[in-house]
A.B. asks: 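One structure follows; several queries about it will come next.
Note that the coordinates shown come from a computational prediction; the quantities given were computed from them, not determined experimentally.
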Amino acid sequence: MEYPRKHDKFIAYGTAGFRTRAEELPHIMYRMGILATIRAKNVKAAVGVMITASHNPVVDNGVKLVDPKGDMLAHEWEILATELANASDEELDGMVQGMVKKFASDSDAPALVFIGRDTRPSSESLMDAVVMGVEKMGGTVKNFGIVSTPQLHYFVVSHNTNGAYGEPTEAGYFKKMSDAFKKFREIHPLNEKYANQVIFDGANGVGAHKMKVMKTYLEDSLKVEIFNSGEGELNYMCGADYVKVGQRPPDNVPLERGVKYVTVDGDADRVLYFFYDDSNTFCMLDGDKIATLIAGYFKELVSESGLALNLGLVQTAYANGSSTHYISENLKVPVACVPTGVKHLHHKATNFDIGIYFEANGHGTVVFSDIATLKIRNSQNDTSMTDKQIMAVKKLAILCDIINQTVGDAISDILLVESILYARGWSIEDWNKSYTDLPNRQLKVQVKDRNVISTTDAERRCQTPSELQDEIDAAIAKYKFGRSFVRPSGTEDVIRVYAEAESQYSADMLAYEVAVIVYNLAGGVGDQPRKPRC
């Protein structure tokens, strides 16, 4: 048998697909090639398979499937993926035959599967397993090689719309976004406070590779200096997750006051900004700050255009309390909260004509409904509109082409942020002053089984263990502006702890106290959480 199952470990298809140590994945990759082919036959369209573990250490890897519209795999197929991945070798053929009979009875139907991979050493051999699974089921593979996760999503939807969304090639991806970026700059005078340069931390991953290419398309419209471009270990002491969780800069990047920095993760679907202010304090602008920047500007454009478009923003429990207050009370933009995971945010965002979604970790994008897209497109030549309205509509139309609407895309999001800062004439310091984040801290608690904790209310409250939430509430009550929640990781046996409070020390202490509660009540293993220093 090709790629037999060599271990009994149960691995579930989570918010990021399958993700674990690379040596545990070959049989899963083979089976996902089989499943992707069945899915392609079922929907009569191309689907994607992306081999990546995103921000995880280089020893890990993973796989996620991309549906025809460039979105995440449908939930009911996630269940099938989990069942197929964990079936015994003896059960496999019967299970596959059952799926074919139910979902792809026309065995001769064509099936096109797009495959991409990140830069991990294990990715190439795991890709071979996917290819073999596709070919076993009579499917056709289009291998894009090393690409970012959002690029593969873009390729899938572009192909399935016959090029209406874009040309399904790397050149098409770079040209669409860069052309729109340069066109947007042509309609705005340059404000002296805007700095036309970013220092780019590529996490030693695919994002660095692709930003090098994007630079050639951008020409002089944006100056990008790239560090951690592949010479070091993937995600090690660099990248968006390292910066966000540690609230510190990446290694191997020269640090200067007032300089604008961006950092992406291993598969380039997350981005954060940071800088050092005049007092040499590290200042991070995360997904919340990016979301508020976009929401504020888009609200102005929608208002100026006069178009009847419903604008909304989607967050998770990780969103800083100050950002939620600023968006709802100052910007007057509706805010929805959903469980962690891009699939939840993306789905909720589609309820708006223009839906903005970002996780605090920097993963997010903007989606436009078909109605909104049609209104924006048709209104550009509406002679009944004023010049100011027409200009607002044109700006919206150009920004649509900068944005990769299929999924969070670090490179696309950088171009969007830079466009808005340019239009406003803002420095990164100006942007940071829009509101002040409550100090916060994230911790991990290693546990024997992360599934002992279950949550409700968009992961903001614990259901089990039964006494856990009461203990957390008691800890929160000690701190002014205190807020904390815990949730099981979707990718490893750890419980993630988030806390915010009036001061950094209070946030650190609250996070520590909650981490100890989790360790004691949820089966913590290894060393107990360490108390922060004063």
A.B. asks: Any side-chain to backbone donor/acceptor pair from T365 onto N404? Under 3.5 Å, distance only.
C.D. replies: yes
A.B. asks: Using a cut-off of 6.0 Å, state whether more than 12 heavy atoms not belonging to F144 lie near its atom CZ.
C.D. replies: yes
A.B. asks: Among H363, H55, E359, find the residue that satisfies the side-chain hydrogen bond (donor to acceptor under 3.5 Å, both in side chains) test when tested with R270.
C.D. replies: H55
A.B. asks: I'd like to know if the side chain of N86 reaches the main chain of T82, judged simply by a donor and an acceptor atom lying under 3.5 Å from each other, with no hydrogens or angles considered.
C.D. replies: yes
A.B. asks: Under a 4.0 Å threshold between the charged nitrogen and the carboxylate oxygen, would K343 count as salt-bridged to D71?
C.D. replies: no
A.B. asks: Check whether any side-chain N or O of S412 sits under 3.5 Å from a backbone N or O of D409 as a donor-acceptor pair, and report yes or no.
C.D. replies: no
A.B. asks: State whether the side chain of S379 and the backbone N or O of D382 hold a donor-acceptor pair below 3.5 Å, judged by distance alone.
C.D. replies: no
A.B. asks: Does the structure place the NZ or CZ of K215 under 6.0 Å from the centre of the six-membered ring of F174, at an angle of no more than 45° from the ring's axis?
C.D. replies: no
A.B. asks: Check the pair N160 / K69 against side chain to side chain donor-acceptor pair (under 3.5 Å), numbers first and verdict last.
C.D. replies: CA-CA 7 Å; N160 288 328; K69 293 182 179 180; over 6 Å; no
A.B. asks: Checking ring pair (Phe, Tyr, Trp, His ring centres under 6.0 Å) for the pair Y154/Y165: CA distance, chi angles, key distance, verdict?
C.D. replies: CA-CA 8 Å; Y154 168 91; Y165 185 75; 5.8 Å; yes
A.B. asks: Using ring centroids (six-membered ring only for Trp), state whether F275 and Y261 fall under 6.0 Å.
C.D. replies: no
A.B. asks: Does either side chain, that of T324 or that of Q315, offer a donor lying less than 3.5 Å from an acceptor on the other one?
C.D. replies: yes
A.B. asks: Treating S419 as the side-chain partner and L415 as the backbone partner, does any N or O pair qualify as donor plus acceptor under 3.5 Å?
C.D. replies: yes
A.B. asks: Tell me whether K395 contacts the main-chain N or O of L301 through its side chain, where contact means a donor paired with an acceptor under 3.5 Å.
C.D. replies: no
A.B. asks: I'd like to know if the side chain of S323 reaches the main chain of N320, judged simply by a donor and an acceptor atom lying under 3.5 Å from each other, with no hydrogens or angles considered.
C.D. replies: yes
A.B. asks: Only one of W431, F200, W426 passes ring-ring contact (aromatic ring centres under 6.0 Å, His included) with Y273; say which it is.
C.D. replies: W431
A.B. asks: Which of these, D118, T149, D60, D265, sits in a side-chain hydrogen bond (donor to acceptor under 3.5 Å, both in side chains) with S54?
C.D. replies: D265
A.B. asks: Consider only side-chain N and O atoms of D430 and Y194, and report whether a donor and an acceptor are under 3.5 Å apart.
C.D. replies: no
A.B. asks: Assess, by modelled atom type and distance only, whether the side chains of D201 and N228 contain a donor and an acceptor separated by less than 3.5 Å.
C.D. replies: yes
A.B. asks: Assess the side chains of Q389 and E304: does a donor N or O sit below 3.5 Å from an acceptor N or O?
C.D. replies: no
